[in-house]
*Asks:* 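Can you keep this structure in mind? I'll have questions shortly.
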Amino acid sequence: MSRFAIHTLGCKVNQFESDCLQERLTRAGWTPVPFGEEAEVYIVNTCAVTAEGQRQSAQMLRSARRRSPQARVIAAGCAVQVYPDYFRKIDGLEGLGNFDKIEEVCRRAFDQPSGTAGMVHSVPPEGALSLECPVPARRSRALFRIQEGCDSRCSYCLVPEARGPARSLAPEDVLEGLRRLARKGVPEIILTGIHLGQYGRDLGPPWSLTALLSRVLQEPDLPRLRLSSLEMEEINPELITLFQKDLRLCPHLHIPLQSGDDRILAAMNRSYTTAAYKTLLLKLQE
């Protein structure tokens, strides 16, 4: 029995992937422990959205090495994808990989002599999403990834480099995942994605997030649903109507505002203005 600990930085999709990895390794007979406790394997799910996220990722890897010099320390996630050479220089790092490879790296790190697990690095994943719906130990709320990647290519953003193009989970798989989580007694499910508002554009025939929610809310036995971040231009009248019609859709929206200056927004290749943002907020409040 090997003990493992995961520390997650960054967004809800990172947390979802950590939950998936914890569930997979636990099913394989490994024992999860808090990151501050002794373990044979430490995994840091890194973030590249800001320089601070990259710094904290490296800090957590080094702290795990100091705490337990004999442990295998592994880095995964977005910062590893974007800055592999930076992480290769961290003393004592045993494994490195994209999240689609990290379970393999964990097994190799534990099963082979120290220093031989190797570094795994590949281009951002582009394949279809697989259905995974882990139930975290806290059980009060589950994250469910229905979308991955981004096609927007904003002028400042590393996300497409780290996460690849936009891909969506098929509507029938979304329904199946929600039903599984409902049967497990989860009272609230957060639908999440790297660019959630781009859900369904890649499918054939195309779908939209609003169309998906309309279909999902026809299921009478589903628990509360909450949406993670949406860009303001993706919040349309039909979506607002769904919030009004069904109380299971939590009246909560996280709407990013990268800058309060229209000149900066234009330089960032954002497609909205501060006036449009304010108008939307007032409409939502009403």
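Keep in mind it's a predicted model, so treat the numbers as computed, not measured.
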*Asks:* Would the distance check show the side chain of Asp19 and the main-chain N or O of Pro134 forming a donor-acceptor pair, the cut-off being under 3.5 Å?
*Replies:*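 Checked: no pair found.
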
*Asks:* Can you tell me how far the CE atom of Met60 sits from the CD atom of Gln56, to the nearest 0.5 Å?
*Replies:*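 CD of Gln56 is found 9.0 Å from CE of Met60.
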
*Asks:* Could you tell me whether the side chain of Ser155 and the main chain of Met268 form a donor-acceptor pair under 3.5 Å?
*Replies:*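 Looks like yes, one N/O pair under 3.5 Å.
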
*Asks:* Between Thr46 (side chain only) and Ser57 (backbone N and O only), is there a donor and an acceptor less than 3.5 Å apart?
*Replies:*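 No, Thr46 side chain to Ser57 backbone: no donor-acceptor pair under 3.5 Å.
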
*Asks:* Any side-chain heavy-atom pair from Arg65 and Arg62 closer than 4.5 angstrom?
*Replies:*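 Side chain of Arg65 against side chain of Arg62, heavy atoms only: no contact under 4.5 Å found.
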
*Asks:* Which pairs pass side-chain hydrogen bond (donor to acceptor under 3.5 Å, both in side chains) with one or both residues in residues 238-257, sequence neighbours excluded?
*Replies:*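 Sorted pair list: Ser229-His254, Asp246-Arg248.
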
*Asks:* Decide yes or no for Arg88 and Leu93: does some side-chain heavy atom of the first lie under 4.5 Å from some side-chain heavy atom of the second?
*Replies:*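 In short, these two side chains do not touch, never coming nearer than 4.5 Å.
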
*Asks:* Give the minimum heavy-atom separation between Cys47 and Ala79, together with the two atoms involved.
*Replies:*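 In terms of heavy atoms, the two residues are closest at O-CB, 3.4 Å.
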
*Asks:* Just by distance, with hydrogens left out, do Arg270 and Tyr156 show a side-chain donor and acceptor under 3.5 Å apart?
*Replies:*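 Indeed, the side chains of Arg270 and Tyr156 share at least one donor-acceptor pair under 3.5 Å.
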
*Asks:* According to a 4.5 Å side-chain heavy-atom criterion applied to Ile, Leu, Val, Met, Phe, Trp and Tyr, with indirect links allowed, do Val135 and Val174 form part of one hydrophobic cluster?
*Replies:*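 Yes: a chain of side-chain contacts under 4.5 Å links Val135 to Val174.
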
*Asks:* Cut-off 3.5 Å, side chains only: do Ser152 and Gln198 have a donor facing an acceptor?
*Replies:*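 Per modelled atom types, Ser152 and Gln198 side chains form a pair under 3.5 Å.
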
*Asks:* Does the side chain of Arg3 reach to within under 4.5 Å of the side chain of Trp30, using non-hydrogen atoms?
*Replies:*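 When only atoms from C-beta onward are counted, Trp30 and Arg3 do not touch, as no gap falls below 4.5 Å.
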
*Asks:* Consider side chain to side chain contact (heavy atoms under 4.5 Å, CB included). Of Leu249, Ile146, Leu225, which one does Val216 pass it with?
*Replies:*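 It is Leu225; the other options fail the test.
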
*Asks:* Is any side-chain heavy atom of Arg141 closer than 4.5 Å to one of Arg224?
*Replies:*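 No, their side chains stay 4.5 Å or more apart.
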
*Asks:* Taking only Lys NZ, Arg NE, NH1 and NH2, and the carboxylate oxygens of Asp or Glu, determine whether Glu37 and Arg67 approach each other closer than 4.0 Å.
*Replies:*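 Salt bridge between Glu37 and Arg67, a charged N being under 4.0 Å from a carboxylate O: no.
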
*Asks:* Walk me through whether Glu231 and Tyr272 qualify under side-chain contact (heavy atoms from CB on, under 4.5 Å).
*Replies:* CA-CA 9 Å; Glu231 300 294 334; Tyr272 60 86; 4.3 Å; yes

*Asks:* Taking ring-ring contact (aromatic ring centres under 6.0 Å, His included) as the cut-off, I'd like each qualifying pair that reaches into residues 35-64, sequence neighbours left out, listed once.
*Replies:*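 The answer is His7-Phe35, Phe35-Tyr42.
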
*Asks:* Return the set of residues passing salt bridge (Lys or Arg N to Asp or Glu O under 4.0 Å) with Glu234 (not counting sequence neighbours), or none when no residue passes.
*Replies:*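 Checked Glu234 against salt bridge (Lys or Arg N to Asp or Glu O under 4.0 Å); zero matches.
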
*Asks:* To the closest 0.5 Å, what do you measure between OH (Tyr83) and CG (Asp85)?
*Replies:*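 Output value for this atom pair is 12.0 Å.
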
*Asks:* Would you say the side chains of Ser228 and Thr192 form a donor-acceptor pair under 3.5 Å?
*Replies:*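 Ser228 vs Thr192: donor-acceptor pair found between side chains.
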
*Asks:* In Å and rounded to the nearest 0.5 Å, what is the CD1 to CD1 distance from Ile43 to Ile6?
*Replies:*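 Going from the CD1 atom of Ile43 to the CD1 atom of Ile6 covers 4.5 Å.
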
*Asks:* Are Val49 and Val80 connected in a single hydrophobic cluster, I mean Ile/Leu/Val/Met/Phe/Trp/Tyr linked by side-chain heavy atoms less than 4.5 Å apart?
*Replies:*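 Different hydrophobic clusters.
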
*Asks:* Could you pull out the closest heavy-atom pair between Ile264 and Ser259, with the gap in Å?
*Replies:*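 What the structure gives for the nearest pair is CB-OG, 3.5 Å.
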
*Asks:* I'd like a table of donor-acceptor pairs (distance under 3.5 Å, sequence neighbours excluded) in which one partner is a side-chain atom from residues 276-286, with atom names and distances.
*Replies:*
{"unit_1": "Tyr277", "atom_1": "OH", "unit_2": "Ile255", "atom_2": "O", "d": "2.7"}
{"unit_1": "Thr279", "atom_1": "OG1", "unit_2": "Ala275", "atom_2": "O", "d": "3.0"}

*Asks:* Is the CZ atom of Arg183 crowded by more than 12 outside heavy atoms at less than 6.0 Å?
*Replies:*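 More than 12 heavy atoms, drawn from other residues, nucleotides or ligands, come within 6.0 Å of this atom.
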
*Asks:* Would a distance-only check, ignoring hydrogens and angles, find a side-chain to backbone donor-acceptor pair under 3.5 Å from Asp173 to Leu131?
*Replies:*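 No, Asp173 side chain to Leu131 backbone: no donor-acceptor pair under 3.5 Å.
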
*Asks:* On a heavy-atom basis, which atom in Leu129 and which in Ser168 lie closest, and how many Å separate them?
*Replies:*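 Taking every non-hydrogen atom into account, CD1-C, 4.1 Å.
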
*Asks:* Could you pull out the closest heavy-atom pair between Thr26 and Phe4, with the gap in Å?
*Replies:*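 Heavy atoms only, the tightest pair is OG1-CZ, 3.8 Å.
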
*Asks:* If every non-hydrogen atom of Ala75 is compared with every non-hydrogen atom of Leu61, which pair is closest and at what distance?
*Replies:*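 Taking every non-hydrogen atom into account, CB-CD1, 3.8 Å.
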
*Asks:* Check the pair Phe243, Leu253 against side-chain contact (heavy atoms from CB on, under 4.5 Å), reporting the backbone distance first and the verdict last.
*Replies:* CA-CA 10 Å; Phe243 280 100; Leu253 284 164; 3.8 Å; yes

*Asks:* Between Asn45 and Ser18, does the side chain to side chain donor-acceptor pair (under 3.5 Å) criterion hold? Intermediate values first, please.
*Replies:* CA-CA 7 Å; Asn45 192 355; Ser18 292; 3.0 Å; yes

*Asks:* According to a 4.5 Å side-chain heavy-atom criterion applied to Ile, Leu, Val, Met, Phe, Trp and Tyr, with indirect links allowed, do Ile194 and Leu212 form part of one hydrophobic cluster?
*Replies:*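 No, it is not one cluster - the side chains of Ile194 and Leu212 are not joined through contacts under 4.5 Å.
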
*Asks:* Which residues satisfy the salt bridge (Lys or Arg N to Asp or Glu O under 4.0 Å) test with Glu219, sequence neighbours excluded?
*Replies:*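 Glu219 satisfies salt bridge (Lys or Arg N to Asp or Glu O under 4.0 Å) with Arg179, Arg215 only.
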
*Asks:* Let me see the working for Asn14 and Cys78 under side-chain contact (heavy atoms from CB on, under 4.5 Å), right down to the final yes or no.
*Replies:* CA-CA 9 Å; Asn14 267 18; Cys78 291; 4.3 Å; yes

*Asks:* What distance do Gln147 atom CD and Leu196 atom CG have between them, rounded to the nearest 0.5 Å?
*Replies:*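 These two atoms lie 6.5 Å from each other.
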
*Asks:* Would you say Leu203 ends up clustered with Leu175 if hydrophobic residues are merged whenever their side chains have heavy atoms under 4.5 Å apart, either directly or through other cluster members?
*Replies:*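 Both belong to a single hydrophobic cluster.
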
*Asks:* Just wondering, do Pro206 and Arg201 contact through their side chains at under 4.5 Å, heavy atoms?
*Replies:*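 Side-chain contact under 4.5 Å: no.
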
*Asks:* Does a side chain donor of either Thr273 or Asp262 reach within less than 3.5 Å of an acceptor in the other side chain?
*Replies:*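 Asp262 and Thr273 do not have a side-chain donor-acceptor pair below 3.5 Å.
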
*Asks:* What distance separates Phe144 CZ from Ile190 CD1, expressed to the nearest 0.5 Å?
*Replies:*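 Phe144 CZ to Ile190 CD1: 13.0 Å, rounded to 0.5 Å.
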
*Asks:* Restricting to non-hydrogen atoms, name the atom on Val159 and the atom on Cys150 that form the minimum distance, rounded to 0.1 Å.
*Replies:*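 Shortest heavy-atom separation between Val159 and Cys150 comes out as CG1-CB, 4.1 Å.
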
*Asks:* Under the salt bridge (Lys or Arg N to Asp or Glu O under 4.0 Å) test, which residues partner Arg180, sequence neighbours left out?
*Replies:*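 Partners of Arg180 under the salt bridge (Lys or Arg N to Asp or Glu O under 4.0 Å) test: Glu176.
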
*Asks:* Ion pair present between Arg72 and Glu40, side-chain N to carboxylate O less than 4.0 angstrom?
*Replies:*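 No, no charged N to carboxylate O under 4.0 Å.
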
*Asks:* Is the closest side-chain heavy-atom distance between Gln22 and Glu17 below 4.5 Å?
*Replies:*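 Of all side-chain heavy-atom pairs linking Glu17 with Gln22, none is under 4.5 Å.
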
*Asks:* State plainly whether the residues Arg24 and Glu132 are in salt-bridge range, i.e. N to O under 4.0 Å.
*Replies:*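 Counted as a salt bridge, because a side-chain N and a carboxylate O are separated by less than 4.0 Å.
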
*Asks:* Would you say the side chain of Leu213 lies within less than 4.5 Å of the side chain of Thr210, judging by non-hydrogen atoms?
*Replies:*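 Answer no - side chains too far apart.
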
*Asks:* Counting only N and O atoms by type, is there a donor-acceptor contact under 3.5 Å from the side chain of Arg145 to the main-chain atoms of Leu143?
*Replies:*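 No; zero donor-acceptor contacts below 3.5 Å.
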
*Asks:* Evaluate side-chain contact (heavy atoms from CB on, under 4.5 Å) for Glu161 paired with Gln81, printing each intermediate quantity in order.
*Replies:* CA-CA 8 Å; Glu161 185 179 346; Gln81 171 63 47; 5.6 Å; no

*Asks:* Roughly how far, to the nearest 0.5 Å, is the CG atom of Leu209 from the CG atom of Leu191?
*Replies:*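 The distance works out to 7.5 Å.
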
*Asks:* Linking I/L/V/M/F/W/Y whenever any side-chain heavy atoms sit under 4.5 Å apart, do Val186 and Val13 land together?
*Replies:*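 No, Val186 and Val13 fall in different hydrophobic clusters.
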
*Asks:* Would you check if Glu188 and Ser140 make a side-chain contact, meaning some heavy-atom pair closer than 4.5 Å?
*Replies:*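 They are not in side-chain contact.
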
